[in-house]
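To find a chain, count down the sequence lines: A is the first, B the second, and so on, and within it residues start at 1.
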Amino acid sequence: MPEGPSIVILREEAARFKGKTIARAEGNTRTLDLPSLEGAKIKAVRSFGKQFLIALPNTALRIHFMLFGSYRIDERKASAPRLSLQCTDGSELNFYACSVRQIDADLDGAYDWRGDVMSPDWDPALARKKLRAAPDLLACDALLDQDIFAGVGNIIKNEVLFRIRLHPLARIGDLPAPKLRQLVEQARQYSFDFLEWKKQFVLKQHWLAHTKSTCPRCHIPFKKGHLGQSRRRSFYCERCQKRYA
DNA sequence: TGGAATGTTGGAAC
DNA sequence: CGTTCCAACATTCC
């Protein structure tokens with residue numbers, strides 16, 4: 001659910017809610033004044049990185065699914081929704097176990113879409129510039145940095161590092177320019193591969209590194225560790241993923 | 001079945 | 001006051 005491509009799928013599934021009017025807003029969210037949403041017309045359904053955005057006339061709703069969040073469209077789960085938006089035509093958007101926030105209605109002022117790996121506005125040169133400004137950052141932390149690669153999560157991190165043969169503990173400042181360029185290119189490319197595979201329900205079978213125990217190139221055991229500042233799981237091959245140090 | 005995980009926030013501690 | 005660390009949140013799967 002949580003990584004950028006999954007949010008793009010949600011955005012596509014929810015696109016038909018644009019123009020609908022909220023008849024009733026319910027849920028156990030404590031960060032929203034639900035009655036004030038009733039009568040509002042959905043102006044747009046957008047996404048930024050791992051965030052799902054619903055633009056309303058005077059405000060916008062930001063849904064972040066964290067680790068456990070989920071959603072249902074025109075269906076309900078057994079558990080209580082964090083937020084349920086029921087439209088005048090009977091269709092509904094239901095969100096569970098997620099973080100909900102109301103934000104500035106001017107989404108284009110609030111977000112810089114050049115930093116979203118899934119966005120048509122993605123700017124690889126800007127990402128390279130941000131990376132060059134952080135030479136001490138480790139590759140595993142760089143990919144998870146939402147200010148550089150909004151939408152990239154831990155699965156994409158592990159797969160990109162394996163794909164470009166880069167060690168998770170490689171220091172950004174040590175990377176040769178072509179490797180830095182490849183890191184930025186593949187952060188986006190893998191995210192789109194992820195999107196297609198997820199749509200076809202074949203994402204997991206394409207994982208080469210994430211949760212794997214053996215390197216498919218070298219056939220030696222993967223190293224595992226909670227690396228970098230993020231302490232997120234890394235699966236990597238000491239033989240074919242280089243550190244450049 | 002207990003523990004860990006596709007993640008982020010906010011407050012304590014230093 | 002800035003930085004870092006850690007608990008909290010809450011669901012599913014192995």
In whole Å, what is the span from the [atom1] atom of [X] to the [atom2] atom of [N]?
X         : N      : atom1 : atom2 : result
Arg231(A) : dA5(B) : CZ    : C1'   : 16 Å
Asp141(A) : dT4(C) : CG    : P     : 12 Å
Phe149(A) : dT6(B) : CZ    : P     : 19 Å
Leu10(A)  : dT6(B) : CG    : C1'   : 15 Å
Leu143(A) : dG7(B) : CG    : P     : 12 Å
Leu195(A) : dT6(B) : CG    : C1'   : 15 Å
Asn158(A) : dA5(B) : CG    : C1'   : 12 Å
Arg232(A) : dT8(B) : CZ    : P     : 7 Å

message: Between Thr31(A) and Val100(A) (side chain of the first, backbone of the second, donor and acceptor by atom type, cut-off under 3.5 Å), is there such a pair?
response: yes

task: Would you check if the side chain of Asp141(A) reaches a backbone N or O of Gln229(A) as a donor-acceptor pair within less than 3.5 Å?
output: yes

query: In whole Å, what separates the P atom of dG3(B) from that of dA8(C)?
result: 16 Å

- request: Determine the Euclidean distance between corresponding P atoms of dA7(C) and dA4(B); express it in Å to zero decimal places.
  value: 14 Å

Report yes if a side-chain nitrogen or oxygen of [X] is closer than 4.0 Å to either non-bridging phosphate oxygen (OP1 or OP2) of [N]; otherwise report no.
X         : N      : answer
Arg233(A) : dG7(B) : no
Lys50(A)  : dT8(B) : yes
Arg101(A) : dT9(B) : yes
His210(A) : dA5(B) : no

query: How is Arg62(A) classified with respect to the nucleic acid when contacts are heavy atoms under 4.0 Å: base, sugar-phosphate, or nothing?
result: sugar-phosphate

- prompt: Within the structure shown, what part of the strands sits under 4.0 Å from Gln229(A) by heavy-atom distance: base, sugar-phosphate, or nothing?
  reply: nothing

- prompt: Out of dG7(B), dT6(B), dA5(B), which nucleotide sits closest to the side chain of His64(A)?
  reply: dG7(B)

task: Name the closest nucleotide to the Phe194(A) side chain, picking from dA5(B), dT8(B), dT6(B).
output: dT6(B)

Set of residues satisfying ring-ring contact (aromatic ring centres under 6.0 Å, His included) with respect to [X], sequence neighbours excluded:
X         : value
Trp207(A) : His210(A)
Phe17(A)  : none
Tyr96(A)  : none
Phe95(A)  : Phe52(A)

statement: Heavy-atom contacts, protein to nucleotides 9-14 of chain C, under 4.0 Å, summarised as B (base), S (sugar-phosphate only) or - (none) per nt, yield -BBS--

query: Quick one: does NZ or CZ of Arg62(A) land under 6.0 Å from the six-membered ring centre of Phe48(A), within 45 degrees of the ring axis?
result: no

- request: State the dot-bracket string of DNA chain C. Criteria: Watson-Crick or G-U wobble, both atom distances under 3.5 angstrom; notation: ( ) intrastrand, [ ] crossing earlier pairs, | interstrand, . unpaired.
  value: .||||||||.||||

- prompt: Is there side-chain contact between Ser119(A) and Arg114(A), with heavy atoms separated by less than 4.5 Å?
  reply: no

task: State whether a side-chain donor-acceptor pair under 3.5 Å links Ser213(A) with Lys224(A).
output: no

message: Using the rule side-chain contact (heavy atoms from CB on, under 4.5 Å), only one of Ile156(A), Ile155(A), Ile148(A) pairs with Val152(A); which is it?
response: Ile156(A)

